[in-house]
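When a residue number appears, it is its place in the shown sequence, counting from 1. Just follow the structure's listing: the first ligand is 1, and inside any ligand the first atom is 1.
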Amino acid sequence: MVGKLFVVGFGPGSVDHMTKRAREAIEESDVIVGYKTYVDLIKDIIRGKEVISTGMTEEVSRAQEAVKQVERGKNVAVISSGDAGLYGMAGLVYEVLIEKGWHKETGIKVEVIPGISAIHSCAALLGAPIMHDACTISLSDHLTPWHVIAKRIEAAAAADFVIALYNPKSGRRTQQIVEAQRILLTYRSPHTPVGLVKSAYRERQHVVLTNIGDMLEHDIGMLTTVIIGNSSTFVHDGLMITPRGYERKYNLSSAVQPLKPHERLRPEAEPWALTHVRSLAEEAYAKVNVERLEVAVSSGIAKKTWEPEQMVQLARIVGEQGTITYTPDHYFKVTMETNRADEVVRALVQVGLTVAPVGDVFVMKACDFCDGEKKDAIPYAEQLYKQFGGMKLPKELRVGFNGCGMACYGAVHEDIGIVYRKGAFDLFLGGKTVGRNAHPGQLVAEGIHPDDLVKTIARIIAQYKEEGYANERFHKFFERKKEVGGFVYGQTKNVEPAACGE
Ligand code: SF4
């Protein structure tokens, strides 16, 4: 015999605000499992039942214990205040069951019973603040990284949601609400109404009406829910009210409405509706959103041959408005003003071309590996490009990659030169391709094992990205730092010539 598992949200705490089904489920249960504070809140209706109560942070063991009790044949109610499905126990109970291989049809029976969550109970005490789009955000960063929470506050604030902040503050977490206020104030007026409700429908219920600018002057704690109004929310006679938007079409003080029922859904009565604004918005967007697209287009990292069809497509895609410039770095620079940059790039990639950003980024120029005949090092070139291609850096970082000791594509003159030789890699750092003081890079290592190449280059790039000054060329950086990626500036090795193919 296996019992049944109820996950019960019992609402704010008063019996009057508990649903009938929540009471029935508790009555049908042999065992009540819950956080100590919640168990105390409903102690009057669980008399005579076996109670398993633990403290905060013990949620996982509560869920596991509940499942164990059901498997022993007992009916069990896992209780949460508010709604079991909103920061309550419902999700965790399912996760614990799934870990045990549970399936809905064949596993133990589970019933989740909804309850009144704080956003609703607090709203009712405040007036009618969530009459429009609203969201809940928990400021507890015990299980969620703060940067994620901050992003959500920012998005909700920018989108003019009414926001219910749960878990705003505790003994240890005191700065989260301060940071939340700072983010909110970048999007909303300090006069925006805020409701602070502590212990809604419980003995120590306390309601405060304030605003974003002043909210931190009031007592906010573990049991407080903070309701932030949107840009239309107002306060009247101590009530916080968010209009739904009826005033746009209706006269609220007159018994006779300006629009008859059949007129209310006509386009002229709601010119803001998506179907009416879309065409105008699209037109405006197309005009305004023109940007300058500047990309490097090539036939591939190791491939230098273009198919005639690729040439035709490049010309067609760029059209007469854009320009195509051939560069000494074996790519065409495409420049165009467009409001469909993504589409342009997608079309170029679809015909087998490689598209990369230009500017202060990682740029790689590989040889053609003797038309692919000396192809052993190609996978490493591709891997490097895949990992770092287009990465933003203090200044353009040119990486030359040649497939044999001939280095006939001049890798040793680039910022970083990589030359494949005898099954391993030679590494040159700090070359300069142009200018009267053009010079090869310093040979810093020979025989780097292929498995170590990417991590060696990653080390160098990470240091340059982190410590390079804006606009500082790599050869200057190497000279200034004296040691980059573990390679010491000025410790030269003799460079022996290598024959073609070595
Ligand atoms: S000779 Fe060597 S460096 Fe030149 S293309 Fe062939 S593999 Fe590359």
Side-chain angles (χ1 to χ4, degrees), residues 296-308 310-311 314 326-333 352-356 358 361-391 396-435 438-458 460-461 474-475 478 485 487 492-502:
V297 180
S298 67
S299 52
I301 282 300
K303 188 171 163 243
K304 299 287 173 277
T305 318
W306 281 66
E307 313 296 334
Q310 290 176 323
M311 282 285 182
L314 175 66
Y326 188 63
T327 69
D329 294 323
H330 305 166
Y331 64 76
F332 288 111
K333 187 164 111 183
L353 295 171
T354 298
V355 184
V358 292
V361 295
F362 177 103
V363 174
M364 193 157 89
K365 186 175 122 187
C367 70
D368 68 359
F369 300 88
C370 291
D371 278 335
E373 275 181 30
K374 294 179 191 154
K375 57 180 185 312
D376 292 355
I378 292 178
Y380 302 100
E382 288 175 339
Q383 197 184 341
L384 274 181
Y385 187 72
K386 196 168 154 207
Q387 190 157 337
F388 304 111
M391 179 190 272
E396 182 189 49
L397 181 75
R398 297 159 62 98
V399 177
F401 195 114
N402 287 180
C404 81
M406 275 294 279
C408 68
Y409 274 64
V412 302
H413 283 87
E414 304 292 359
D415 293 317
I416 298 177
I418 301 165
V419 177
Y420 185 67
R421 206 166 56 86
K422 297 180 180 168
F425 291 97
D426 296 343
L427 181 64
F428 298 77
L429 292 184
K432 185 170 186 294
T433 38
V434 294
H439 55 77
Q442 177 190 323
L443 176 62
V444 293
E446 289 180 299
I448 296 174
H449 191 280
D451 290 348
D452 296 331
L453 179 71
V454 175
K455 54 181 180 236
T456 304
I457 302 299
I460 295 167
I461 290 175
F474 182 78
H475 69 92
F478 191 25
F487 300 111
T492 47
K493 288 174 181 286
N494 281 339
V495 184
E496 300 293 336
C500 179
E502 263 190 22

(message) Does Ile457 form a side-chain contact (heavy atoms from CB on, under 4.5 Å) with Leu427? I'd like the steps, not just the answer.
(response) CA-CA 9 Å; Ile457 302 299; Leu427 181 64; 3.8 Å; yes
(message) Quick check on contacts: which atoms of ligand 1 are under 4.0 angstrom from a heavy atom of Asp368?
(response) 5 (S)
(message) Under 2.8 Å from atom 4 (Fe) of ligand 1 - does any N, O or S atom of Cys367 fall there?
(response) no
(message) I want to check something: taking the side chain as every heavy atom from C-beta on, are Val399 and Phe474 in contact at a cut-off of under 4.5 Å?
(response) no
(message) So that I can check it, does any N, O or S atom in Cys404 come closer than 2.8 Å to atom 2 (Fe) of ligand 1?
(response) yes
(request) Heavy-atom contacts with Cys408 under 4.0 Å: which atoms of ligand 1 show up? List them by number with element. (result) 1 (S), 3 (S), 4 (Fe), 5 (S)
(message) Show every salt bridge (Lys or Arg N to Asp or Glu O under 4.0 Å) that has at least one partner inside residues 376-391, sequence neighbours left out.
(response) none
(request) Would you mind listing which atoms of ligand 1 come within a distance below 4.0 Å of any non-hydrogen atom of Ala407? (result) 3 (S)
(message) Per the salt bridge (Lys or Arg N to Asp or Glu O under 4.0 Å) rule, what does the pair list look like for residues 405-420, sequence neighbours excluded?
(response) Lys365-Glu414, Arg398-Glu414
(request) Could you check whether the rings of Phe362 and Phe388 sit parallel, tilted or perpendicular, using 30° and 60° as the cut-offs? (result) tilted
